[in-house]
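A short worksheet on the structure shown next.
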Amino acid sequence: MLLSAGFGRRLSSLAICTRGYASKRGAAPHPNSVPLQKAISILKAYEVGQPKQTIELHVHCSPEKGQAPIRGSCILPQAYKTGTRVLVFAEGEKAKEALEAGADLVGGEELVNKVRDGEVRFDKCLSTPDMLPKVAKIARLLGPKGLMPTVNKGTVSSDVAELVRFAKNAQDYLADKAGIVHTGVAKIGFTETEIRENISVVMGSIRAHAKENRGRFIGRVYLSSTRGPGIQIADL
């Protein structure tokens, strides 16, 4: 897509990053950072005719020393991801409940063996408490991929139906080693209101990780798209 020369000149004065987001943490906001509404308009201009392109949020966080990695999940008002394959380790009535809730793969020890042998593909992994001892046999396989069900992550429960519904619709995020959360939040084809609502939910979930340094926990925030630049946001 060709952008007009005028549009290019306007972009040159903005806080735009095209090579990653891991510059010095804690720096003052760029004087030319823009309101969220304007950033959304710019990205939509870059992605004309590409409504399925993803809008991503990049949030610089300053966790306290010794704080656990920033990770979490939240339900977006307007879901943008489809096709998430959910696997549930459950037996008997709980297995039936998981299937009715929309799980893609459900089973007991035989499913543990299939996972061990690499016979099944899935994006999220859940379990009932009674299945954990059997699932522990493949912990070394699931753990490094972030798929091992645990109580702390909220992926182990007797209420498997609720687990499945959340897993199918939740947006997961995880900060990198620099403390920056990179996560998709919407599709370009969404309305501005839908994009703003999704961003608000994700930002609220990330802020919930703040402890004593609430006022300084969130640093710079950028918005980008599949083909567009990273634009620093002034009002998030």
Side-chain angles (χ1 to χ4, degrees), residues 36-37 39-40 43 51-61 63 67-90 94-95 97-106 121-129 142 145-176 179-211 214 217-218 221-226 233 235-236:
L36 177 59
Q37 180 181 11
I40 293 172
L43 295 180
K52 294 184 179 180
Q53 301 286 45
T54 299
I55 293 177
E56 296 180 349
L57 190 66
H58 309 269
V59 185
H60 291 242
C61 302
Q67 183 175 344
I70 300 166
R71 67 188 307 160
S73 300
C74 53
I75 298 295
L76 300 179
Q78 181 70 27
Y80 82 96
K81 294 175 67 176
T82 59
T84 300
R85 287 177 62 80
V86 176
L87 179 149
V88 181
F89 292 112
K94 294 300 179 181
E97 292 176 13
L99 285 171
E100 291 176 347
D104 299 280
L105 299 163
V106 181
R121 181 185 65 80
F122 54 96
D123 304 301
K124 296 185 179 182
C125 184
L126 314 172
S127 177
T128 55
L142 297 176
K145 300 176 182 179
L147 293 172
M148 180 63 190
T150 67
V151 174
N152 289 340
K153 289 197 302 183
T155 49
V156 176
S157 174
S158 294
D159 189 352
V160 290
E162 182 60 25
L163 279 185
V164 172
R165 283 191 288 268
F166 188 86
K168 280 285 188 179
N169 298 295
Q171 174 64 20
D172 301 326
Y173 59 83
L174 172 66
D176 61 20
I180 306 173
V181 174
H182 307 275
T183 182
V185 290
K187 292 295 185 183
I188 280 290
F190 286 10
T191 66
E192 179 192 325
T193 297
E194 291 171 337
I195 295 170
R196 292 177 69 96
E197 288 177 348
N198 278 6
I199 290 174
S200 177
V201 168
V202 174
M203 290 297 297
S205 181
I206 294 174
R207 285 194 175 96
H209 291 274
K211 296 186 181 296
R214 290 186 178 276
F217 183 72
I218 300 293
V221 180
Y222 292 84
L223 200 67
S224 69
S225 64
T226 304
I233 309 302
D235 52 353
L236 283 179

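- Taking each heavy atom of Gly154 and Leu163 in turn, the nearest pair found is O-CD2, 3.1 Å.
- There is no side-chain donor-acceptor pair under 3.5 Å between Glu162 and Ser157.
- Counting heavy atoms from C-beta outward, Asp172 and Leu174 have side chains that stay 4.5 Å or more apart.
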Working for side chain to side chain contact (heavy atoms under 4.5 Å, CB included), residues Thr54 and Lys187: CA-CA 5 Å; Thr54 299; Lys187 292 295 185 183; 3.0 Å; yes
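- A donor-acceptor pair is defined here as one N or O able to donate and one able to accept, closer than 3.5 Å; such a pair exists between the side chain of Asn198 and the backbone of Val185.
- The main-chain N or O of Val86 is found under 3.5 Å from a side-chain atom of Asp104 such that the two form a donor-acceptor pair.
- Not a single donor-acceptor pair under 3.5 Å links the side chain of Lys124 to the backbone N or O of Lys168.
- Residues Cys125 and Thr155 are not in side-chain contact: their nearest non-hydrogen atoms beyond the backbone lie 4.5 Å or more apart.
- Put simply, CD on Glu192 and CD on Glu194 are 11.0 Å apart, with the number rounded to the nearest 0.5 Å.
- Crowding of Gln37 atom CD: a count of heavy atoms from other residues, nucleotides or ligands under 6.0 Å not exceeding 12.
- Here the straight-line distance linking atom CD1 of Ile70 with atom OH of Tyr173 works out to 8.5 Å at 0.5 Å rounding.
- A heavy-atom distance below 4.5 Å is not found between the side chains of Leu57 and Val181.
- Across Ala175 and Gly179, no two heavy atoms sit closer than the pair CB-C, 4.0 Å.
- Across all non-hydrogen atoms, the minimal contact from Ala98 to Val106 is CB-CG2, 3.9 Å.
- Of the options His58, His182, His60, a ring-ring contact (aromatic ring centres under 6.0 Å, His included) to Tyr222 is made by His60 and by none of the others.
- Side-chain contact between Val160 and Leu126 is absent, with no heavy atoms from C-beta onward closer than 4.5 Å.
- Side-chain atoms of Gln171 and Tyr80, non-hydrogen and from C-beta on, do get closer than 4.5 Å to each other.
- With values rounded to the nearest 0.5 angstrom, Asp176 atom CG is found 9.5 Å from Cys61 atom SG.
- The CG atom of Leu236 lies 10.0 Å from the CD1 atom of Ile206; values are rounded to the nearest 0.5 Å.
- Scanning all heavy atoms of the two residues, the minimum distance from His209 to Ser205 falls at CD2-O, 3.3 Å.
- Between atom OG of residue Ser200 and atom CD1 of residue Ile195 there is a gap of 13.5 Å, rounded to the nearest 0.5 Å.
- To the nearest 0.5 Å, atom CD1 of residue Ile40 and atom CZ of residue Arg196 are 6.0 Å apart.
- Taking 4.5 Å as the limit, every side-chain heavy atom of Ser158 sits out of range of all side-chain heavy atoms of Thr128.
- Contact check for Met203 versus Val221: side-chain heavy atoms found under the 4.5 Å cut-off.
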Tell me, with the steps shown, if Thr193 and Glu197 meet side chain to side chain contact (heavy atoms under 4.5 Å, CB included). CA-CA 6 Å; Thr193 297; Glu197 288 177 348; 3.6 Å; yes
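- Across all non-hydrogen atoms, the minimal contact from Gly102 to Val164 is C-CG1, 3.9 Å.
- Checking side-chain atoms of Arg85 against main-chain N and O of Arg121 turns up a donor-acceptor pair under 3.5 Å.
- Counting heavy atoms from C-beta outward, Ile55 and Phe190 have side chains that stay 4.5 Å or more apart.
- For Leu36 against Ile199, the heavy-atom pair with the smallest separation is CD1-CD1, 3.8 Å.
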Would Ile218 and Val59 satisfy side chain to side chain contact (heavy atoms under 4.5 Å, CB included), going step by step from the backbone distance to the final call? CA-CA 7 Å; Ile218 300 293; Val59 185; 3.7 Å; yes
